Amino acid sequence: MDKFVIKKNQVKSKRSHIEECAGHSDVGVPEESLTVKKSRCDVAAPLLEQSYVWRRIRADNLSCDYTSLFNKTEANEILQQLEREIVYFSGDMSKVQVFGKWHNVPRKQVTFGDAGLTYTFSGITLSPKPWIPVLDLIRERVKSATGHLFNFVLINRYKDGNDHIGEHRDDEKELIPQSPIASVSFGASRDFVFRHRDSRCASSVRRIEPVKVELAHGSLLMMNFPTNVYWYHSLPVRRKVIAPRVNLTFRKIVPQSLK
DNA sequence: GGCTTGTCAGATTC
DNA sequence: AGAATCTGACAAGC
């Protein structure tokens, strides 16, 4: 499948092109082979316009789109700002119970979002922190690249390659049905792995290859419906990674007034 | 009734 | 041959 370019002022029409192509027969093709070539806006693209080269990642009921959202200079600046300004949860808020045992989560987490929103985290209902300029800037860039406006972000900080997250799906009831999730990364590149729910244990009949994506500094990964219905994802340990990674997953939470 | 954002041990890969 | 990675087990509680 081709990479293709979207100009900022053409977001709507080109996005519909993405959707239109989403059902094509590239199902099950290894992700690497989907990347063929970059296309460029041919003539007279206005100089100041930002354009994005998207990589389509497709498998059986998996639909993701990947692009570089910030250049290296921008990404460096934003990472520094995030590292200065973001204060993560601590204490009980950084623990989780699995199979009856309590653990400290092997990463740091915090949430930001629109005033009045609430969400449930480890069984407790919480309000996200109010937006701050650096997060609003990232949110606006995501909107200009995708057309989607998000009202909530979960920030995960992985201090090095030993910090990780286990397999899970982002299938909270509080998400607007069928809304995409936008994952923006800064800092160390990390592997991100999808596994189909039907190929997770030896007993399962279906053999579906995992899909791996490397999430680079300044990148955006759009996870579109129905990816999260069928595919689990994880950020596995990578012992050789010594630098931190800060990841922001933007979501659309159902507003309190509609609950 | 079904699922689990955790770790760990043993198998497997590099 | 050792280190890194992968995979399944776990058996409590919401």
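Below, chains carry the letters A, B, ... as their sequence lines are ordered, and counting in each starts from 1. Bear in mind the structure is a predicted one, so any value in this text is a computation, not a measurement.
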Visitor: Choosing from B:dG6, B:dT5, C:dG8, which nucleotide comes nearest the side chain of A:His103?
Guide: B:dG6

Visitor: If you check every side-chain atom of A:Asp170, which of B:dT5, B:dT7, C:dT5 has the closest atom?
Guide: B:dT5

Visitor: Would you call A:Arg200 and A:Glu167 a salt bridge, using N to O less than 4.0 angstrom?
Guide: yes

Visitor: What integer distance in Å separates A:Phe99:CZ from B:dT5:P?
Guide: 9 Å

Visitor: Round to a whole Å and report the spacing from OH of A:Tyr158 to P of B:dT5.
Guide: 13 Å

Visitor: In whole angstroms, how far is the C1' atom of C:dA11 from the CD atom of A:Gln97?
Guide: 13 Å

Visitor: For the pair made of CZ in A:Arg195 and P in C:dT5, what is the distance, rounded to whole Å?
Guide: 16 Å

Visitor: Check A:Val193, A:Asp191, A:Ile57 against A:Lys212 for a side-chain contact (heavy atoms from CB on, under 4.5 Å) and give me the one that passes.
Guide: A:Val193

Visitor: Kindly point out which of B:dT7, B:dT4, B:dT5 is positioned nearest to the side chain of A:Tyr232?
Guide: B:dT4

Visitor: Tell me whether the centres of the aromatic rings in A:Tyr119 and A:Phe152 are closer together than 6.0 Å.
Guide: yes

Visitor: What is the separation between atom NE2 on A:His233 and atom C1' on B:dT5, rounded to the nearest whole Å?
Guide: 8 Å

Visitor: Which whole-number value in Å describes the distance from A:His168 NE2 to B:dG6 P?
Guide: 8 Å

Visitor: Counting just side-chain N and O atoms, does A:Arg200 come under 4.0 Å of either OP1 or OP2 of C:dC6?
Guide: no

Visitor: Does the side chain of A:Arg239 get closer than 4.0 angstrom to OP1 or OP2 of C:dC6 through an N or O atom?
Guide: no

Visitor: Suppose we screen for side chain to side chain donor-acceptor pair (under 3.5 Å). Which residues come up paired with A:Ser234, at least two apart in sequence or across chains?
Guide: none

Visitor: Just how far, in rounded Å, is C1' of C:dT5 from NZ of A:Lys212?
Guide: 9 Å

Visitor: Please report, rounded to the nearest Å, how far the P atom of C:dG8 is from the CD atom of A:Glu167.
Guide: 9 Å

Visitor: Where the side chain of A:Arg238 is concerned, which of C:dC6, B:dT5, B:dG6 is the nearest nucleotide?
Guide: C:dC6

Visitor: Within the 4.0 Å heavy-atom criterion, would you say A:Arg107 contacts the bases, only the backbone, or no part of the nucleic acid?
Guide: base

Visitor: Going by the side-chain contact (heavy atoms from CB on, under 4.5 Å) test, name the single residue among A:Leu248, A:Leu154, A:Ile86 that passes it with A:Phe112.
Guide: A:Ile86

Visitor: Dot-bracket for DNA chain C, please, read 5' to 3', with Watson-Crick or G-U wobble pairs under 3.5 Å on both distances, ( ) within the strand, [ ] crossing, | other strand, . unpaired.
Guide: .|||||||||.|||

Visitor: Establish, yes or no, whether the cationic atom of A:Arg197 lies under 6.0 Å from the six-membered ring centre of A:Tyr232 and within 45° of the ring axis.
Guide: no

Visitor: Please indicate whether A:Ile242 has more than 12 foreign heavy atoms, meaning atoms of other residues, nucleotides or ligands, lying under 6.0 Å from its CD1.
Guide: no

